[in-house]
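Worksheet: the structure to be examined is printed underneath.
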There are 2 protein chains.
Amino acid sequence: MSEQDTSDRDYESVLRDAGMRITKPRKTILEILAEGEDHPDALEIFRRANARDASVSLSTVYRTMKALHDCGAIHRHAFEGGPARFEQADAPHHDHMIDVDTGEIVEFRSEKIERLQEEIARELGYHIVYHRLELYGRKRKTR
Amino acid sequence: MSEQDTSDRDYESVLRDAGMRITKPRKTILEILAEGEDHPDALEIFRRANARDASVSLSTVYRTMKALHDCGAIHRHAFEGGPARFEQADAPHHDHMIDVDTGEIVEFRSEKIERLQEEIARELGYHIVYHRLELYGRKRKTR
DNA sequence: AATGCAATTGCAAATCGTTTGCAATAACTG
DNA sequence: CAGTTATTGCAAACGATTTGCAATTGCATT
């Protein structure tokens with residue numbers, strides 16, 4: 001059997017633990033997710049999944065994403081304008097820089113910013129449940 | 001005449017400078033915006049405007065918001081889930097903390113974070129066009 | 001103040017991304 | 001292998017926003 005040992009087995013257990021069935025469409029979608037290094041939107045996931053199993057529908061993609069999100073297995077990002085994009089939740093936390101010209105997404109992480117956010121929230125009398133930090137920028141020509 | 005000297009006159013000049021006509025519906029909408037201390041969405045602006053001039057339509061609210069946004073006179077924020085919310089652009093830059101329970105919005109500003117963002121963008125080879133920093137939190141009970 | 005014309009309007013219909021009702025189908029249980 | 005129950009695809013519904021269009025209005029000109 002040519003099974004890759006990516007984390008799609010993990011996804012299956014996540015779903016199973018949540019009392020959900022491992023169906024053929026779900027298997028396909030989970031495969032795609034486990035492989036994906038990028039931030040595909042629902043339609044893109046649908047296209048990729050559909051290429052392997054023509055019976056997968058867009059609704060099922062949405063439903064599966066919702067299930068995985070509820071389980072905390074994936075993150076959903078709604079960047080400016082476009083549709084929601086997804087990524088695996090197992091990677092360490094990071095924020096995003098979006099190229100306004102190309103739509104390209106670069107991940108980054110700043111301990112300092114994380115700490116400052118906590119600090120600000122505390123001063124305002126809140127504790128952070130989650131946050132959203134997106135830098136929309138343009139590649140600098142100027143050296 | 002009981003005219004308040006808020007910034008709705010400014011809005012009018014902004015539009016006029018952009019070569020747009022000052023119509024009755026626009027006047028009403030601008031009034032609302034100039035008064036508003038909060039972050040109303042299009043529907044809310046429509047409701048308030050409609051209360052003063054029953055002929056104002058939702059489409060016109062959207063169109064006017066778009067015009068003002070294009071002129072840079074207002075900011076448009078699409079917070080998690082809900083519809084876009086607007087606020088005057090004349091206030092100094094700030095970010096938002098959203099109460100996940102009440103939807104309440106608190107503004108804050110951190111020079112440090114602003115600087116760090118610039119720094120990060122530079123390291124990634126970008127310059128920031130704009131950013132989005134939203135903290136979603138809950139009021140802390142624990143003293 | 002009356003005229004003309006382009007900008008603006010309200011309305012309804014269209015759009016986009018996403019969700020949902022439903023009857024048919026497929027997973028897991030025993 | 002059968003029975004229950006979750007899951008499916010489809011199409012229709014959804015909420016926020018945009019748009020085409022014919023009627024109206026602002027405003028520069030007379």
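Chain A is the first sequence line, chain B the second, and so forth, proteins listed ahead of strands; every chain is numbered from 1. Note that the structure is a prediction, hence the values are computed from the model and not measured.
When distances run from any side-chain atom of Pro25(B) to the nucleotides dC10(D), dC27(D), dG10(C), the shortest one goes to dG10(C). Out of dT8(C), dC21(D), dC28(C), the shortest distance to the side chain of Arg21(B) is found at dT8(C). You'll find that the side chain of Ser57(B) is closest to dC11(C), out of dC11(C), dC10(D), dT17(D).
Distance CD (Glu80(B)) to P (dG17(C)): 18 Å, rounded to an integer number of Å. As a whole-Å value, the separation of Phe46(A) CZ from dC16(C) P is 16 Å. Between Leu15(B) atom CG and dC27(D) atom P the separation is 11 Å, expressed in whole Å. Rounded to whole Å, atom P of dA12(C) lies 13 Å from atom CG of Leu58(B). With rounding to whole Å, Met20(A) atom CE is found 12 Å from dC28(C) atom P. Following rounding to the nearest Å, Lys27(B) (NZ) and dC27(D) (P) show an atom-to-atom distance of 8 Å. In this structure, Met65(B) atom CE and dT8(C) atom P are separated by 16 Å, rounded to whole Å. Rounded to whole angstrom, the span from the CG atom of Asp70(A) across to the C1' atom of dT19(C) amounts to 13 Å.
Across all strands shown, Thr23(B) has heavy atoms under 4.0 Å from sugar-phosphate atoms exclusively, and none from any base. Using a 4.0 Å heavy-atom cutoff across all strands shown, Leu43(B) reaches no nucleic acid atom at all. Backbone-only engagement by Arg26(B) is indicated by non-hydrogen atom pairs under 4.0 Å involving sugar-phosphate atoms exclusively.
When each of Tyr62(B) and Ser59(A) is assigned the nucleotide of DNA chain D bearing its nearest heavy atom, the one mapping closer to the 5' terminus is Ser59(A).
In summary, the aromatic rings of His94(A) and His75(A) are positioned with their centroids too far apart to meet the 6.0 Å limit.
For the helix from dA1(C)-dT30(D) to dA13(C)-dT18(D), the end axes, each set by the C1' atoms of five terminal pairs, are bent relative to each other by 30° (nearest 10°).
Under the 30°/60° scheme for interplanar angles, the aromatic rings of His77(B) and His39(B) are found to be tilted.
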